[in-house]
Amino acid sequence: QSDLAMKAHANRAACYKQISNFDGVIEDCTAVLEVDPENVKALVRRAQAFEGVERYRFALQDIKTVLSMPRDKVGKTNVDMCNMMQHRLNRTVQQLKAGNC
């Protein structure tokens with residue numbers, strides 16, 4: 001896949017996110033991640049989309065991938081957002097396991 005195609009997928013995923021087309025976000029971000037597995041924006045967007053379609057474990061997996069990366073590559077804003085998402089997703093998964101939802 002060309003660099004231009006990868007950028008197009010990344011940009012279209014951002015647009016899909018704005019209109020809550022979570023399946024489109026997941027598909028486009030996955031296409032980006034197949035070429036660039038450490039693309040932080042694609043991982044974060046896909047995690048948000050997975051949360052939007054209640055696929056919490058997949059969302060957690062992407063969040064943990066981002067949090068395992070060097071902080072200078074990820075950036076403070078993304079680290080803070082991913083930490084908040086991780087706590088929220090862990091809580092949700094625990095509630096689902098307990099049958100509280």
Query raised in the report: Any link between Tyr16 and Ile26 through a network of hydrophobic side chains (Ile, Leu, Val, Met, Phe, Trp, Tyr) touching at under 4.5 Å?
Result: no

Requested in this report: Determine whether Val40 and Phe58 fall in the same hydrophobic cluster, where Ile, Leu, Val, Met, Phe, Trp and Tyr are linked whenever their side-chain heavy atoms lie under 4.5 Å apart.
Outcome: no

Between [X] and [Y], which heavy-atom pair has the shortest distance, and what is it?
X	Y	answer
Ala5	Ser2	N-OG, 3.0 Å
Cys82	Val44	SG-CG2, 3.9 Å
Arg46	Cys29	CB-CB, 3.8 Å
Ala47	Ile63	CB-CD1, 3.7 Å
Asn83	His87	O-CD2, 2.9 Å
Ala13	Val25	O-CG2, 3.4 Å

Taking the side chain as C-beta and beyond, is there a heavy-atom pair between [X] and [Y] under 4.5 Å?
X	Y	result
Gln48	Met81	yes
Met69	Leu43	yes
Arg71	Val74	no
Glu34	Thr30	yes
Asp23	Asn21	yes

Rounded at 0.5 Å granularity, tell me how far [atom1] in [X] sits from [atom2] in [Y].
X	Y	atom1	atom2	result
Arg57	Leu60	CZ	CG	8.5 Å
Asn39	His9	CG	NE2	12.5 Å
Tyr56	Gln94	OH	CD	13.5 Å
Asp28	Lys17	CG	NZ	14.0 Å
Lys7	Asp36	NZ	CG	11.0 Å
Lys73	Glu38	NZ	CD	5.0 Å

Query raised in the report: Can you check whether Gly24's main-chain N or O pairs, donor with acceptor, with Arg12's side chain at less than 3.5 Å?
Result: no

